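To start, the structure under review is shown below, and the notes come after it.
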Amino acid sequence: MSRVFEFDGETVRRLEIMYTSPDTVRRRSEVLRLLDVRAGERVLDIGCGPGFLAAELAASVGPAGSVRGIDSSDAMVAAARARCAAQPWVTIERGEATHLELADGEVDAAVSVQVYEYVADIVGALREVWRALCPGGRTLIVDTDWDSIVWHSSDPQRMIHVLYAFEEHLADPRLPRALGPLLSRTGCRVERCEVLVQLNPVLAPNTFSFGLIDLVH
């Protein structure tokens with residue numbers, strides 16, 4: 001059984017540092033490029049975290065559009081609201097991916113980054129985002145298959161045990177390999193599937209790997 005991972009204030013602090021690393025900034029830029037939001041669109045950010053992506057989405061849609069971010073963590077909601085305070089067309093609320101408080105067809109685009117791997121009822125969550133999208137709407141999903149992690153260590157077996165223990169806080173640490181068929185079951189049409197590589201050949205403070213070590217620890 002997966003344990004609950006507490007996204008408390010200290011976790012938010014660590015994630016905010018991690019989300020400013022060049023690796024994560026590059027990932028966020030790629031998400032924005034692929035989602036391709038336009039001025040005036042209505043966008044849903046599922047599991048918005050501390051609000052970095054929501055703020056950039058808001059800059060893209062402008063005051064004529066809207067961004068709605070939801071997160072299950074009160075600490076994340078508070079951080080995201082503070083980050084987007086100067087963008088009144090952004091709404092940040094506490095919510096769950098499996099129970100979106102939206103009308104049918106209310107948004108033009110939806111995005112979730114490193115979220116669905118935490119959701120036990122993934123089919124329910126995918127059906128919800130499909131319901132919330134307007135006809136012709138689109139969603140972009142980013143999750144990690146944790147078997148793809150390659151980590152050099154002086155003690156490889158110990159590293160395997162550490163990563164395996166870290167996986168316990170996830171509902172499905174290998175979700176991406178099954179995501180395509182799951183999306184098809186909900187009625188979505190998968191148009192593209194890409195791999196985003198994050199490589200840190202040297203462990204340095206301003207890298208994704210360094211931030212992940214802090215979270216694992």
Side-chain angles (χ1 to χ4, degrees), residues 1-9 11-12 15 19 31 35 37 41-58 61 65-85 87-146 167-190:
M1 178 179 295
S2 296
R3 63 183 175 88
V4 176
F5 190 63
E6 295 294 336
F7 288 99
D8 55 14
T11 304
V12 171
L15 283 176
Y19 285 179
V31 167
L35 193 61
V37 297
E41 286 196 308
R42 304 161 298 170
V43 185
L44 173 64
D45 185 359
I46 302 169
C48 62
F52 285 89
L53 180 58
E56 294 191 37
L57 289 167
V61 303
S66 64
V67 174
R68 184 169 181 172
I70 65 165
D71 204 282
S72 61
S73 162
D74 290 332
M76 291 292 192
V77 168
R81 283 176 176 170
R83 180 155 283 107
C84 300
Q87 299 164 305
W89 56 99
V90 179
T91 302
I92 308 293
E93 299 172 343
R94 198 178 194 283
E96 301 289 341
T98 51
H99 299 285
L100 301 176
E101 295 184 5
L102 296 167
D104 294 357
E106 191 172 336
V107 296
D108 301 296
V111 61
S112 63
V113 179
Q114 303 294 151
V115 174
Y116 284 145
E117 61 200 61
Y118 291 91
V119 178
D121 181 12
I122 183 60
V123 172
L126 294 175
R127 284 177 177 159
E128 271 291 89
V129 73
W130 175 248
R131 179 189 64 77
L133 288 170
C134 68
R138 61 206 185 277
T139 184
L140 189 148
I141 299 169
V142 179
D143 279 292
T144 298
D145 185 327
W146 287 85
E167 287 180 5
E168 291 181 0
H169 81 282
L170 300 166
D172 186 351
R174 292 157 191 86
L175 175 62
R177 65 185 71 177
L179 197 51
L182 289 172
L183 283 164
S184 297
R185 283 172 56 188
T186 65
C188 294
R189 183 180 73 253
V190 180

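In this text the structure is predicted, and so the values were computed from the model without any measurement.
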Practice item. Provide the closest heavy-atom pair for Arg42 versus Cys134 in the form atom of the first, atom of the second, distance. Key: NH2-CB, 3.9 Å
Check your understanding: Within the side chain of Arg83, is there an N or O that forms a donor-acceptor pair under 3.5 Å with the backbone of Ala54?
Key -> no
Revision key, fill the gap. Taken to the nearest 0.5 Å, the spacing of His99 NE2 from Asp121 CG works out to 7.5 Å
**Study point:** With Arg81 via salt bridge (charged side-chain N to carboxylate O under 4.0 Å, His left out) - residues at least two apart
**Key:** none
Point to revise | Side-chain donor/acceptor of Arg177 to backbone N/O of Asp145, under 3.5 Å | key: no
Review point. Are Thr98 and Glu128 close enough, and set up right, to give a side chain to side chain donor-acceptor pair (under 3.5 Å), and what steps lead you there?
Key: CA-CA 6 Å; Thr98 51; Glu128 271 291 89; over 6 Å; no
**Study point:** Heavy-atom pair with the smallest gap, counting every atom of Asp71 and Val77
**Key:** O-CG2, 3.7 Å
Check your understanding: Between Asp172 and Ile122, is a side-chain contact (heavy atoms from CB on, under 4.5 Å) present by the stated rule, with each step listed?
Key -> CA-CA 9 Å; Asp172 186 351; Ile122 183 60; over 6 Å; no
Please tabulate, one pair per line, all N/O donor-acceptor pairs under 3.5 Å involving side-chain atoms of residues 182-190, not counting sequence neighbours.
{"from": "Ser184", "atom 1": "OG", "to": "Gly180", "atom 2": "O", "distance (Å)": "3.2"}
{"from": "Thr186", "atom 1": "OG1", "to": "Leu183", "atom 2": "O", "distance (Å)": "2.7"}
{"from": "Arg189", "atom 1": "NH2", "to": "Glu191", "atom 2": "OE2", "distance (Å)": "2.7"}

Review point. Are side-chain heavy atoms of Arg68 and Leu102 found at a separation under 4.5 Å?
Key: yes
Check your understanding: Can you name the side-chain contact (heavy atoms from CB on, under 4.5 Å) partners of Gln87, sequence neighbours left out?
Key -> Ala55, Ala58, Ala59, Cys84, Trp89, Val90
Point to revise | Heavy atoms of other groups near Glu101 CD, more than 12 under 6.0 Å | key: no
Review point. What heavy-atom pair brings Val119 and Ala125 nearest, and what distance separates the two atoms?
Key: CG1-CB, 4.0 Å
Review point. Between Ile46 and Thr139, is any pair of side-chain heavy atoms under 4.5 Å apart?
Key: no
Point to revise | Spatial distance of atom CG (Leu133) from atom CG (Asp108) [nearest 0.5 Å] | key: 8.5 Å
Practice item. Start with the C-alpha gap between Thr144 and Leu170, add the side-chain angles, then the distance that decides, and say whether side-chain contact (heavy atoms from CB on, under 4.5 Å) holds. Key: CA-CA 11 Å; Thr144 298; Leu170 300 166; over 6 Å; no
Review point. Sequence neighbours excluded, which residues qualify as side-chain contact (heavy atoms from CB on, under 4.5 Å) partners of Ala79?
Key: Val12, Glu16, Pro50
Point to revise | Validation row: Gln114, Val142 side chains within 4.5 angstrom (heavy atoms) | key: yes
Review point. Does any non-hydrogen side-chain atom of Arg131 lie less than 4.5 Å from one of Leu100?
Key: yes
Practice item. Measure the acute angle between the ring planes of Tyr19 and Phe52, then classify it against the limits of 30° and 60° as parallel, tilted or perpendicular. Key: perpendicular
Study note, to complete from the structure: Sequence neighbours excluded, the answer for side-chain contact (heavy atoms from CB on, under 4.5 Å) partners of Asp143 is Tyr116, Glu117, Ile141, Leu175, Pro176
Review point. If you take all heavy atoms of Ala80 and Ile92, which pair is closest and at what distance?
Key: CB-CG2, 3.8 Å
Point to revise | Partner residues of Glu41 under the salt bridge (charged side-chain N to carboxylate O under 4.0 Å, His left out) criterion, sequence neighbours left out | key: Arg38, Arg138
Point to revise | Ala110 versus Leu35, closest heavy-atom pair with distance | key: O-CD1, 3.8 Å
